[in-house]
Each structure stands twice: as C-alpha cells, then as structure tokens.
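Each chain gets a letter, A, B and so on, in the order the sequences are listed, and its residues count up from 1.
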Amino acid sequence: MNNTTEIFVNGLWRDNPVFRQILGLCITLAITNRVVNGVTMGVAVFFVLVASSFIVSVIGEYVPRRVRIPVYMLIIATFVTLVYMFLRAYFTGLSQALGAYVGLIITNCIILGRLESFSSENGPWESVVDAAGISAGFAAALIAMSVVRELLGFGTLFGINVLGSGWTPWVSMILAPGGFLVLGLLVWIERSISPVEEG
Amino acid sequence: MARFLKYKNTKMVNIVQISGLNLQKLDRSKTKTKLEKRPPGDFVVIPLKDGFGSSLIPEVEAGDRVKIGQIIARDDGGVSTPVHSSVSGTVLDVSFMKYVHEETLGELPDEIIGVKVEVDRSFWEVEEVEEVNWEKLAPSEIRSSLYRNGVTSFGQTGIPSGHWSSFYDPSDVSDIIVNAVKSEPFTHHRVDFEGELEEFKHGLEIIARGYSEAKIHLAVDPEVQEALGDLSSSQRISVRSFQSEHPNGIDKVLARKILGGDQLDDGGFLMDYGILALDEVVPIHAYGAVVLDHPVSTTRVSLGGPEISNVVVEVPVGLSAGELLDGAQGYKEEDQVILGGPLTGRVMSSPEIPLGKSIPSLVLMKGPERSEVLAWLKPGSKKESFSRAFISSLLPNLDRELDSGIHGELRPCISCGYCTEVCPVDILPYQIYHTGSHDLVDEVNRLQPQRCVDCGLCAYVCPSKLPLSRVLEDAKWNQSPRVKNYVVYEKGEDKIEPSLPEGPNDNRGEAS
Amino acid sequence: MNWLKESLNDLSDFTAGRPYLGYATEVVDTIEAIIFAPTERSQERPFLRDFIDVKRYMALVVIGIVPATLASIYFYGWRALAMILVSYVAGGIAEVGFTLARKEEITEGFLVTGILFPLILPPTTPLWIVAVGIIVGVILGKEVFGGTGYNIFNPALVGRVFLTVTFPVAMSSNWVEPLTGGWAGLTKYGIDTVTSATPLGQFANEGTLVGLKEVFLGTIPGSLGESSALLLIIGGLFLIVTKIADWRIPLSYLGSVMAFSYLGTFLWPNQVAPPVFQLLAGGLLFGALFMATDPVTAPTTKGAKWVYGLFLGVMTVSIRAFSGYPEGVMFSILLINMFSPLMDDMVMTHRYGPVQKPYK
Amino acid sequence: MKKEIWMVSVLLLVATISAVVLGLVNVTTKPIIEKNEAQNLRKAVLHSMEITPEADKIEETFKDQIETREIDGKTVYLRYNDEGGLENVAFEVSGSGFQGQVEALISLAPDLQTIKGLEILNQQETPGLGARITEDEFLRQFKGKVLDPELLIVKSGASGNNEIDAITGATRTSKAVQKIINEDVENVRSNMLTEDRMEELTHE
C-alpha cells in the first residue's frame, strides 16, 4: 500500500471522523433522516474540506502561528458560504431540508481539526488526499446512518418507496433519539469489526 | 483528624437488636449430646503448632520414649504454647507434615514439623496427683500453670496461652468472654456438662482469679443457662444467654453484643481491644491444669452433619479427621469434611491430616445424590430459605431441611438486597462485591469491610450463589480483592478457581 | 429421568469444542440446568446454601403476574396469549444470540422481561410490533449494559418507550373496551378495533372520571395486564409475602402518589385527578408492584427505597397532570431508575462517610 | 512590532480575498434566490385558489389573475372573476406549532368565513407526525369548511362543517393549526379587512 492510498484509507476507515473520532455529531444526528440529505451534506463537506485543506497547505507556512485559527476560520467560512448560496440558488428544496446545518459546517470540528493537525504540516497533495479520505469517511458514515433511518423511518430510499405502502413508519428513527440509537449501534458494529487498539 | 480515622454515623450499637438466622433449629440430628472418649490408634502425629501460635522446634528425636503429658516442644520467648505428647510411646519420626492452619484455615503444605509417636498402651492411664488448692495461688502462679499445661483459648482462634498470658500484660485484659454459644447447625456442645459441672464452675473462678482485673462474661444458650444453675459465687462472673441464631456463636458478635460495639469498628483482633474470647472447654481444661496439674493432651471435637448423628468425642491430640469419623455413620471418602461450622469453616483437602488441639467441630457433608427435576418450579414444602419463596416459610411449624447442595448456578448479582438484610454488622456485601470487582479500592474501603465478622450469612442467602464470604475476606485483608475473576469459572469443574490478582505490572498502567 | 440427564450430558460433551456446534453446548447446558437442579455441592464456605436461586426468584415474579395475565386473556381474548408467546420467542432469540456471541451463560432475567413486556402494551398492538419492542428492550435495555444484573433501566420499559416514540399511533390511540360477561374473551381470538380512551386519557382530554368500581375490577380500556387493580394487588401481595419484591417501594410509591395528588387536587383541580382514581387507574399498580420493584434497577438500601418511591410518585403525578401524556408511570420509573445508584450512594455516604481518596 | 504588522496584514489580506469572492458569488446568486422564493409564494397563492398554472408560466398567471394589496401592513392577495366580482382573499397566517413556527397561507371566500384552501409555507414539526400537516390528505379537508363560530379540530370522525380530523398521533400540531387559523383570521377580520374595507374591495 503506497502512501497516498494509506492516507486515504486512514481517513475513510481507521480514523473515520464519525465512528472513530466521534466528531461532527450535531450535523450527523440532525440531517441523516433522509439519504438525500446525507449525500448532499457529504458532498458539501467534501468540497469545503478539500478546498480549504488545499489552500491551507499552500499558504500554511506564511500564516503566523498566533492568527492561524482566525485565518482557517475565514477560509472555511468562505467556502461554506459559497456552498450555502449555491444550494439556495439551485437546490431550494434541499437547502430548506438542511436548514441551518450547512452554515454549521463552519464550526464542524472535523474540518478545523484536519486543517490544524494535517494540512498545516503537509504538502498540498497529501492534504487533498487526506481531506478527501476524511470527508469520504464522513459521507460514508452519513449515508450509512441515513440509509438505516430513512428505510425504517419512512420506508423509502432517496424518496422512493422500497418497503411497500403497508410499512408502518418508525417515527423515532426520524427524530434525534433514533439518530443516537443508530449512531451507537453503528459505532458498536464498526468497533466489533476492527477493535480499537488502546495505548 | 480523628474524624477521618473513625467513621461517623456508624450504627454498630444497633447490632444488639439485629437477630440472625436460626439455622441451628433446623439441625434435626440435635439431641442430648454425649461425650465419648476414644483411645488412639496405633500411632498419632502431633503438630508442633497450635492455632494462632508460632511453629516450634522439637525437643525429642526419633527413637526417644515419651510419656503422656511430657513436653516435646516449647519456646517460652515466642507467642506459642508448649506442645505435650498426647500418648505414651516411642517417637517414630520427626518430619515436616501437612497441617490444618487454623489462622487462615487454609492448608500450608509441609511447613510444620510433626512428631509421629507409636502408641505404647501400657502407659495410657494418667497418674493420679494430689489436688492443688487453687484459692491459695497467686494470679501469676495460676497463669503460669495454665501456660505450662498448654491451655489455649481453643475454639475458632486457638490463641496460645503464651500469647494471652505473657505477650500482653494481664492487666490489659479487661473482659474475658467464655463462648458457650453454638449457633451453626451441626455443631454441638454438651448441654448439661454432664459429670463436669463442678469442674466447669471452678474453672471459671480459676480464670477469674488468674485475671484479677478482668470481668468474665459467660455467654450460653438459654438451655445451658438452666443447667448451670447459680453462678453468683464471684462478683466478676456474669452469665448472658443468647438464642442460638447464627452469628451469635461468633466471638466478635458476642463481644459486640455484650460490651456494645462502638470500639470494635476498625476490625482487627479482639485481643487488640483487651477482650479475650475463650471456648467453652477452657474452664474445664483450666481446672485440670491448675488443680490437677494435667497438661492438655486431648482435644474435644463435635462431630455432626446432615446425615450423621451428633456426638462430642474426646481424643488424644494427633488423630486425623478420618480416624475420628471412622465410626461415623456412612462416612465415605468422597464426602466433604469441614473444619468448623458449615457456614464459617473450611473444607479439608484430605481427611488424613492430623488435628491439633483447637478444632471445635468437624462437619461431614454429603453431596446431593440426586437432582430434583424442575426443582425451581416445585413449591418445596420443607425447604429452608431466608426468602419466603417456599411453603415452609409460611408454615412455621413445619420441619425444614438444610443440605449441602448449591441449589443453583453462579449468576451475576441482581441486587436483591438479601445479603444486607441478614448482615449482623450492617455492611453491604453486594456493594463490596460490585466495587471490588471493578478494583475500586477506595470505594471498597469506604464500605468498611473490616467490620465483617465472617459469619457467612450473606453468602448463604445469596440467590446468585456468589462467593461473598471470599469477597469479604479479600476485601478485608488484601484490600485489593481478588473478586474480579470470581464469575469466571470453568463449567464442569467442581471448584471455583480464583485467579490471583495481577501484579502492579499489568498493562493498564502503560495504556494510559 | 436419568436417561434424559445422561443424553443431555452426552450431547453437551459431543458438541463441546467442535466447530459450528460449540455454540450448542451452552444451549444444551442451559436446558439441563432448567430441568435438573445442579448436584454440585459448595466447594467453599458456606457449605450450606439457601434453597433460593435466581431461577426460582424470577419464576416467582412470573407466578405473581399470572392473575393479571389470566385477566388479560379474559378481557381481550386469546390474542393476549399470542402476544406473550411472540414476546418470549422473539426476545428469547435475541437473548440467546447475545449470550452465545459473548460466550456467557444464559441468565434467567429474561423470564420476567418476556412476560411483563406484552402486558404493558395496548391489546391491539400488532404482533410484529411486539417482537420489535422486546428485541429492542433486550438489546438496548439490557445487553448493551452487559446482561441481567448490570442493566440500569428496566428492559421491558425500555422496549415500551421505544415503541411509544416509534409507533405513536399504535401505542397511544388504539385502546379497546374489554369484553365482559360470560366467557368474554375466552371464546375469542381478539377484539375488532373499537377505538376508545383509557380512564386517564378521558380525564386528561375531557375531564371526566370513570367509576371507581369499574377501574378496580378492570372493565376499562387499558394495557393488556394493567386493567384489573384487584388481580394486580393479589399478585403484588404474593411477591411481597415471598420477599421477592420489597414492600417499601410499592408502599412509598403509592403513598407518594396519593399524597401529591391529594395536594394537587387543591391547587389544580382540573389537571390533577383525585387520589384514589390515580391509584387504581392506568399502569400505576402494575408499575409499582412489578416494575419499580425490579431489584436490579431499583435501589437496594432501605433508605434509598423510600426516597425512590417518593420521587417516583412525584414524577408520576406531574407527568399525568402537566405533560402531553395521560400516563406517566413508564417514564417516571425509567427516569428514576437512572438515579437509583445515586440514591444508594447517598445512603452509603450517610452511613459510612464519603469515599476517602488516598493522598497523592 | 514587525511581527504584529505581518499578522494583521495576513488577516486583512485573507479577509479581503474572502469578501471579494463572496461578494461576487452573492451578486450572481441573489437574484436567483429571490426569484425562487417569490416563485414559491406565488405557487402557494395560486394553489390555494385552485389555479394550476403550467410550470413555466407561474409568474404570468400570477400577474394575470392575482392582485396584491398592502392593507395596514398585511399583504393580501385578491382574485376577481371575469365580471370583476371578488372571489378569493388570501393572506398569510402564522403562529407557534408544537416544535416551532408554522406559517401558512389561507384563502377565504369574500365572506371571510368559508375556507377555499390552505397551504403550509413553513414548519418545523416532527417529521412523520406533525409534519404531516403539509400532506394533501390533511389540507384537502379544509376546503369548504366554515369558520362559524370557529374551526374545530376533533380527534376523529369530523362531522360538522366547521370540523376537521386531526392527524393521528399529532393532536398537538393539529390543535396548533386550529389555533393559528382561528386567531389570525379573526385578527385580520377585525383589524384589517373590516366590513367597510371588504365593501370597498368587493365593489372595485
């Protein structure tokens, strides 16, 4: 396994932001009741993280240590606002469904954490690969959760009825408590497959 | 700072009101018990250690001839009692032997020196000697006579007379409790001291004279009190009667009930509080030692069990448990022989181990021979239980039975609280189990496991069949309990093997 | 019966350690343990053991619930029994699956959960919902904590709450009038859905009170097992007499409900129902006698038991009077379950003082 | 000192770039966003008055048929028939639901009592429960009901012509809708669209 693949797989599985690092839960719990939301949010975070990682890895060495956080925040906020306006202009329905949570990507610690811990110390190529891996991992987690929740909560996938019209919706799956349950169960399953090495 | 050392709000005084479990009542074999004297077999093996005392160096060699009552080992400087030969005969061998270690009641292999003596029957009878008028003896003379003749406290601890006569200053002994309460089922005493009542009464007064500062408390069953009659000859001797409910027979419980328990909260030995607990046979031995100058060469053991009829036997020191039980009804090799009572005693790994002086009772337990089909669904009219889950509990006059089966599998604690309800010293065994099994040492110590008096009632009533006796013992002595692995045991094996605690080098420290 | 014991032993020996069959060993051993009492004797002190064991302990709870179960069949037809069977089968599969995966022994706590759970459901609950609920209850209420003895919440109530938030329509509006007179439900499978309201629901929505006699005898709409106060009291007294349930918890719980609803009727007469009605209607008796007394989730020290009952009463009266739900027993027990270790700890602190941390 | 100047200038630089980029994007997207929003409202107004325009002709149809008026700060949409008689009056009503603000558009007959249609514009109710107020099945019930004396939401089996079936399991949200409609319509009727005003509007 070469370095690039390793960085990517690391972000996707071993350091999966949701299942391993338990980060970005606000968004994860709030929007994963439909797969469309999960996919959109995944793409949005992918764009923001990759773009800001790239920029930070390029300009990182010129930014004084003491102002790096405000600078990172500015960069992230710029991209998030871009995404927000883009969604509102061209995907009105989706932007309504995601509500304030697109804006909240700014405060998502997955992104700031990655910029701080990886991009600021690595070259542009590695940073982009890492960002892609992490956000792919995030998107995968969102999709996994939203598939479960939409399937049980609405009986549909991408809005298409797959479980038949007689399906009794599981209301709790649509609500935040169901999000917690599904998250907990998925974390449990993920850790049973590859146990966390302590120490 | 004293506040931090002594716990506040302890409710130890209430113990006087707490009643235990009357299991003795269920002992169907209990009849008027006879004293049966038995001669030795071909030889005896005398352990050179008794109860609490230290191990002694022999003063005899193989080939020596010894007489009954002759001292074969002594160490006047240590905490020990002189060991006398219990028979007359020829020393065959002086070697290391297995010994029933009373202090922890575990078995320490090949640590104690034993003297094997071949019995020569022509020397069996003890010579008659002139009676000493003990009333003219000084207290120190009485104490030295007790020591010389090997009178220990007998009973559960077997504190050597060297300990209580010289190790501590006699003026430190403020109370002496003569414990004649038998609360555990299948352990007995002779209710009316047939033929020895006078010796017993005199013995009490001898002890009172030997310890002129101490108050003597005689704790007896109500029926014994009747038999003893008037004991008002000495101001310092008082008689208290106690029902034979279980923990009453334990020295520490008696001490708390008689003296009020506040000062006993910190655990430790009764001697540390100036209280001396003596077994009921001590006055008789004291009489023999002081008046007749007879060394203690015999031991009195009560034999009992669910299947055998009860008897108290007097045998020379050095007989094995197997020899004692030989005549007992239906004794088989695979039966459990328990030293002490069935709730507080220990199982002997081999009945061949010779017994020292301080063995109050042996209980023979037979395993349940058949399993009752769907026993947990049957109403079970005669079954004894602390819970009222069987019909017998609702019909108080019905005969109830005890047996040695475990009646259920080991399960996790369900916090039913039975253990706290029966606990005579008001501690929370289930909490000690919970915190102990997570190695929370501070929490365990907060729960004051040192108050435990080892009565075993918590483990007796536990529906989950948890080994709470061991949990509490570990919590009390080790402070880092071995309870962690108690629940893990191999199916199909009879024994629950505790695993030893991991050393300080376990990897938890490195992980953090 | 020896042949059976021997063949079970042979089967157990045969499967032990073999690939794919290894799991069966546990099951065979469990079957043997259920049928035959163990013949082992104690290997360490005490050498005498009380005849009670966890199996019998749990079996007695089931016996205590039998009157209410029979009543549920009488009132709602044989479908009630079908619900109990579904609960036992589905929950049993989840339970056994988990213990096998963990290589632990199968414990008896499920005996109780499996029957208590269907009895707190509306009589019209679809059978598949019963199965979902008991599986969730066993897994999320018990197994995630480590199995019987380690759970914080009553597993049956966890399953019930999950159903309440997941299937609100099926769980809160499909009540039916029970059958009465003659053979009633004994000749029927189930009741055609006739939507009705529980006494507490009627009070919450319309402010009307149902007669106490009906509530006492159980001829009112409600969950399967909770309707008949009379039979619940009989079963509960049985548990108290056998020392399986501690009398302190029901007494303080019911007393606290009485006291607070008496107080409440003065302050908010429209929202708080009168004491005796509160006591008999809804799931209070069922909860107080069979749910709150669950030894695993209730406090164990005596003082804490009184406090536990007191808080349960406050919660129940408050939820019934001021929340959107007409019934509050389930929520209050689950909420207060959370605090029972804390209550025990307070008793211990009172008795022994705080935990002394060694100086570092 | 040099350090601080460098720090401030980096921050300023980044902020400026970001502002410029966002400004540019905003200029391009703002009209689209506004158009989208207006479109949604128009669609709702038309729908509540039972006009189904072709997808690309919403704006035209709206301009053709609907007259928008500001009356005492309240935007009111009016529709006149070919003879010039007032047919429909529509306006926004809003209030708190079970979880958050519910905004709806109600369309009434000129008597201001008979409901012609109801559209939910915005809501944050529980998905699958309260959020079902946006479903046609619920909204269709309102057509033709009369606010006399006021709208009543019942648990089931609505019979009167002022009664509506609540959503099963979401009684709270249903009651909230009832309250919003009753109160806001009453408010508009007594303060803005008074009888005199309606007289004027009708005869225009």
Least distance between heavy atoms, C/Val54 atom then B/Ser464 atom: CG2-OG, 3.5 Å
Minimum heavy-atom distance B/Glu409-C/Lys55, with the two atoms named: OE1-NZ, 3.1 Å
Side chain, backbone, both or neither of C/Ile240 within contact of chain B (heavy atoms, under 4.5 Å): backbone
Contact winner vs chain C - B/Cys455, B/Gly340, B/Gly417, B/Cys416, heavy-atom pairs under 4.5 Å: B/Cys416
For the student: nearest non-hydrogen atoms of B/Val347 and C/Phe47, plus distance: N-CZ, 3.4 Å
Among B/Val363, B/Ile414, B/Asp454, residue most engaged with chain C (heavy-atom pairs, under 4.5 Å): B/Ile414
Chain C interface, residue from B/Ala459, B/Cys462, B/Gly341 that has the most non-hydrogen pairs under 4.5 Å: B/Ala459
Contacting region of B/Leu428 [heavy-atom separation from chain C under 4.5 Å]: both
Side chains of B/Glu421 and C/Asp246 in contact at under 4.5 Å (non-hydrogen atoms): yes
Reference residue B/Trp376; test side chain to side chain contact (heavy atoms under 4.5 Å, CB included); the match among C/Ile35, C/Ile34, C/Ile52: C/Ile34
C/Phe238 atom CZ: more than 12 heavy-atom contacts under 6.0 Å: yes
Contacting region of C/Asn151 [heavy-atom separation from chain B under 4.5 Å]: neither
Shortest non-hydrogen contact from B/Asp426 toward C/Tyr352: O-OH, 3.0 Å
Non-hydrogen side-chain atoms of C/Asp50 and B/Glu384 separated by less than 4.5 Å: no
Chain B contact via C/Thr301 - which portion, at a heavy-atom distance below 4.5 Å: both
Whether C/Arg49 side chain and B/Pro463 backbone form a donor-acceptor pair below 3.5 Å: no
Chain B contacts, top residue of C/Glu108, C/Lys243, C/Lys302 (heavy-atom pairs, under 4.5 Å): C/Lys243
B/Gln431 (side chain) donor-acceptor with C/Met348 (main chain) under 3.5 angstrom: no
Distance in Å, B/Ser387 OG paired with C/Leu60 CG, rounded so as to fall on 0.5 Å steps: 7.5 Å
B/Met365 and C/Leu48, any side-chain heavy atoms less than 4.5 Å apart: yes
Chain C contact via B/Cys413 - which portion, at a heavy-atom distance below 4.5 Å: backbone
Structural part of C/Tyr57 lying under 4.5 Å from a heavy atom of chain B: side chain
CA sep, side-chain torsions, deciding dist, call: C/Thr300, B/Ser415, side-chain contact (heavy atoms from CB on, under 4.5 Å): CA-CA 6 Å; C/Thr300 309; B/Ser415 308; 3.4 Å; yes
Closest-packed option against chain B by number of heavy-atom pairs under 4.5 Å, given C/Ser12, C/Pro299, C/Ala59, C/Pro295: C/Pro295
Per-residue contact mode, B/Leu447 against chain C (heavy atom under 4.5 angstrom): both
Lys NZ or Arg CZ of C/Arg45 over B/Tyr460 ring: under 6.0 Å, within 45°: no
B/Arg411 and C/Thr148: side chain donor to acceptor below 3.5 Å: no
Side-chain touch C/Pro46/B/Pro342, heavy atoms, less than 4.5 angstrom: no
Non-hydrogen side-chain atoms of C/Phe36 and B/Val373 separated by less than 4.5 Å: yes
Top contributor to chain B interface from C/Asp53, C/Val241, C/Thr293, C/Thr107 [non-hydrogen pairs under 4.5 Å]: C/Asp53
Chain C contact via B/Leu440 - side chain, backbone, both or neither, heavy atoms under 4.5 Å: neither
Nearest heavy-atom neighbours spanning C/Thr242 and B/Tyr418: O-OH, 4.3 Å
